[in-house]
Structure formats: structure tokens, C-alpha cells
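Take a look at the structure below.
The chains referred to below are lettered A, B, ... by the order of the sequence lines, with proteins before strands, and numbering in each begins at 1.
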There are 2 protein chains.
Amino acid sequence: MARPSTAAETPDLADESYDLAEQVGFIMRQAAQRHVSIFNEIMGADLTPTQWAVLARLYQDGGSSQNLLGRQTAMDAATIKGVVDRLLKRKLVQTKPDPEDGRRLIVELSPAGVDYTRELLPKAETVTKVTLAPLATNQRATLIALLKQLR
Amino acid sequence: MARPSTAAETPDLADESYDLAEQVGFIMRQAAQRHVSIFNEIMGADLTPTQWAVLARLYQDGGSSQNLLGRQTAMDAATIKGVVDRLLKRKLVQTKPDPEDGRRLIVELSPAGVDYTRELLPKAETVTKVTLAPLATNQRATLIALLKQLR
DNA sequence: GAAATATCGTTCGTATACGAACGAGGACCA
DNA sequence: TGGTCCTCGTTCGTATACGAACGATATTTC
């Protein structure tokens, strides 16, 4: 570790081992950035990864309450609200009150949303393929298995 | 894949293989979220991962121009500006014009920033340790090696 | 049945993240 | 010298991300 330009003292020898470029968090952030970049190129700039996650989840399993949908797509209540609002504005999604629970708002794909999602599915598969392209086949499974343990 | 609640038609059989929960991007986002959560717990809510990246980079290698600093910490010009501005407000960082290039703004740690960074280094190491805790030792090296290939 | 507790959706504030556009300064070449 | 192209820092707009607080509704507990 080099000495900081404005440091009067020498860094602790015990911490010489810390190298930002070798920390998982930093490397993971870069890998995620590359993935998002690939996503934007292939899927088009009009849909974000989180918006796609919501569409794909609704397509796979049908409607659910907004907060549950957020949990299923790894977003907290505040975040999922914004995502749903933007999908609502594009009429890819529709909402209705839950007759069984006055607190809940059921979110589901609109018919247009179903078509839209189905058309994008092949592209979404391509995103994963391109993201994993630098890895050998067996490495891809390894990476995914390891990442799953870090959730 | 289940049928979407509002779909009149059946999804294409060719796309039945797509499962959001198995896509690298989705899993990686969750792993990154857990990491940030660990970071916030250990480092305290008053410093973000990107801010730490800037401090650590400056501590390791000394000052540099703002844009170069952004490249070294994986942020574009617009993002690094905001991060530097917030660190400036806290006086952890200081800037000066580059005498050799009128376009450049040199960013470096303030003396207080050096102390602050040095004090946080052990905690930063802990963040990485806790993040990787679910993995066996040899798995950690594997994960990092694979992630590096995806940058 | 009423009180304590939990969940749901909403709003606010702050911090990345980045595309796009802009003016100022620098490098290069004819 | 002048023109072209590149880089630098800045600003704007949009979209996550999430802590915190809030009122409304459900559930639990006694």
C-alpha cells in the first residue's frame, strides 16, 4: 500500500494488507455494473432490470400483493412502489384491491404486459448468456451456486 | 412456469425454461444487497460503500484527478462528482486545480480524512470477512476469481 | 370485545448510477 | 496558425435503493 499524499504518518503495518481492488464488494459492484450495461444494450433503455424482474415474476406466478411482489423481486416496500408506479404508467401492469385484505393492493400483468413480457423473454435469456460468456460452462454453475450462498 | 393470471394464451413452450430466480443478474443483485447491508452495519450509516471506495483508493495511491478517481473506483464522471462533493462537505477530502492541466481537479485526502480512513480499515476488512463467511476458504478465492472475469 | 402488535401501502429524504448535453481546456495534425 | 478531436468537470433528468415515519387495516392476545 502506497503512502497517502497528505499523510504525515506511515499507515499501520497491520493494515497494509487491505487492497480495495481485491475486496468482494468492490469486484461484485463492477460485475453488476457490467451486467446492467449488457442488460440495457439487449433489452433496450426503456426497461430496467428491476422492472423486468417484476414483469418476469408476474408472468411466472401471476399477481400478488405489492409488498409480497417486492419481496419476491428483492425490493423493499418503498422501491417496489416506484417500480410498480412506472409500470402502471406504461399500462404493462394493473392493480386492484384485495377483497380479502383491505390493506393489500394486488398487482398483475395487463394483457399488454403479458404480450410485452413474452416477447422479451428470449432477449432476457440472451442477457444471461452474454453476461456469463467469459466463463466456461462449469464455471457458470459454480458462480451461481456461490452467489446463492451469499444472499 | 405457471400461467400469468391475466394471460388468455399459454406462454411459449420455448420460454418455459426462463426462471427469474436462476438468472445471474438477479442473484448477483441480491448478493450485492446483502453485502451493502453488512457494510452499513459494520461501517456505520454515515459512510456508503462508494464513499469508502474513494477514501480507500486515495489512501492507497494518493490524490488524482476527479475523473481518474472515478474510473479507479468504478464510477462515471457524474457519479464521482456527487461522491466527492459529499466527502468535501465532511472535509474528509480536499481539492486543488492541477497546475499542469487547467481542466483537471485534483482530489486528495485531507489530514482528517487520512486519520478517518486509517481508523476504518480494520472494519473494512471485517466487512469482507463477514460477507464471505458463508463460503469455505477455497470457495472464496474461486468466487473472487470468477467475478473478476465478469468485469 | 378491547388493547397490543404486526403488516400494508405511502411519503420523504438521501445516495448511488448513468445517459445526455454543455462549455472550457488540451493534443494533434495539416 | 487554425481546425478537429478528445478529455475534463458540470448539470439535468430519471431510476433504483433504503431508512424512517405515518395512517389504515388485520391479527393476536388477554
Length of the line joining [X]:[atom1] and [N]:[atom2], which is rounded to integer Å:
{"X": "A:Leu92", "N": "D:dA15", "atom1": "CG", "atom2": "C1'", "answer": "16 Å"}
{"X": "B:Asp76", "N": "C:dA15", "atom1": "CG", "atom2": "P", "answer": "17 Å"}
{"X": "A:Leu105", "N": "C:dT11", "atom1": "CG", "atom2": "P", "answer": "12 Å"}
{"X": "A:Arg104", "N": "D:dT25", "atom1": "CZ", "atom2": "P", "answer": "15 Å"}
{"X": "B:Asp85", "N": "D:dC12", "atom1": "CG", "atom2": "P", "answer": "13 Å"}
{"X": "B:Met75", "N": "D:dC8", "atom1": "CE", "atom2": "P", "answer": "16 Å"}
{"X": "A:Ile80", "N": "C:dG9", "atom1": "CD1", "atom2": "P", "answer": "10 Å"}
{"X": "A:Lys96", "N": "C:dC8", "atom1": "NZ", "atom2": "P", "answer": "18 Å"}

[N] phosphate, OP1 or OP2: any side-chain N/O from [X] under 4.0 angstrom?
{"X": "B:Arg103", "N": "D:dG9", "answer": "no"}
{"X": "A:Arg90", "N": "D:dA15", "answer": "no"}
{"X": "B:Arg86", "N": "C:dT16", "answer": "yes"}
{"X": "A:Ser65", "N": "C:dC8", "answer": "no"}

- prompt: Taking for each residue the nucleotide of DNA chain D with the nearest heavy atom, is it A:Glu100 or A:Thr48 whose nucleotide lies nearer the 5' end?
  reply: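 Mapping each residue to its closest nucleotide by heavy atoms, the 5'-most match is A:Thr48.
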message: On DNA chain D, does the nearest nucleotide to A:Pro49 precede the nearest nucleotide to B:Gln66 from the 5' side, or the other way round? Give the residue.
response: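 Looking at the nearest nucleotide for each, B:Gln66 comes out on the 5' side.
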So do [Y] and [X] actually touch side chain to side chain, heavy atoms under 4.5 Å?
{"X": "A:Gln23", "Y": "A:Ile27", "value": "no"}
{"X": "B:Val93", "Y": "B:Glu108", "value": "no"}
{"X": "A:Leu135", "Y": "B:Leu146", "value": "yes"}

query: For residues 20-40 of chain A, which residues have at least one heavy atom under 4.0 Å from DNA chain C?
result: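 Here the set is A:Arg29, A:Gln33.
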query: Taking A:Gln33 for the side chain and A:Gln30 for the main chain, is one N or O donor matched with an acceptor at less than 3.5 Å?
result: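 No, because the side chain of A:Gln33 does not come within donor-acceptor range (under 3.5 Å) of the backbone of A:Gln30.
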- prompt: Does the A:Arg29 side chain pair with the main chain of B:Ala74, one donor and one acceptor, at a distance under 3.5 Å?
  reply: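 Flag set: sc A:Arg29 to bb B:Ala74 pair under 3.5 Å.
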- prompt: Quick one: which of C:dA15, C:dA17, D:dA15 gets closest to the side chain of B:Thr50?
  reply: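 When the side chain of B:Thr50 is considered, C:dA17 is the closest of C:dA15, C:dA17, D:dA15.
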- prompt: When you check the side-chain N and O atoms of A:Thr79 and A:Asp76, is any donor under 3.5 Å from an acceptor?
  reply: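 Result is yes, a qualifying pair exists.
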- request: Classify the nucleic acid contact of A:Asp101 as base, sugar-phosphate or nothing, counting any heavy atom under 4.0 Å across all strands shown.
  value: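 Here A:Asp101 touches the backbone only, sparing every base.
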query: Do the charged groups of B:Asp85 and B:Lys81 touch, with an N to O distance under 4.0 Å?
result: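 Salt bridge: yes.
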- prompt: Pick the nucleotide of DNA chain C nearest each of B:Lys89 and B:Thr79; which residue has the one closer to the 5' end?
  reply: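 Mapping each residue to its closest nucleotide by heavy atoms, the 5'-most match is B:Lys89.
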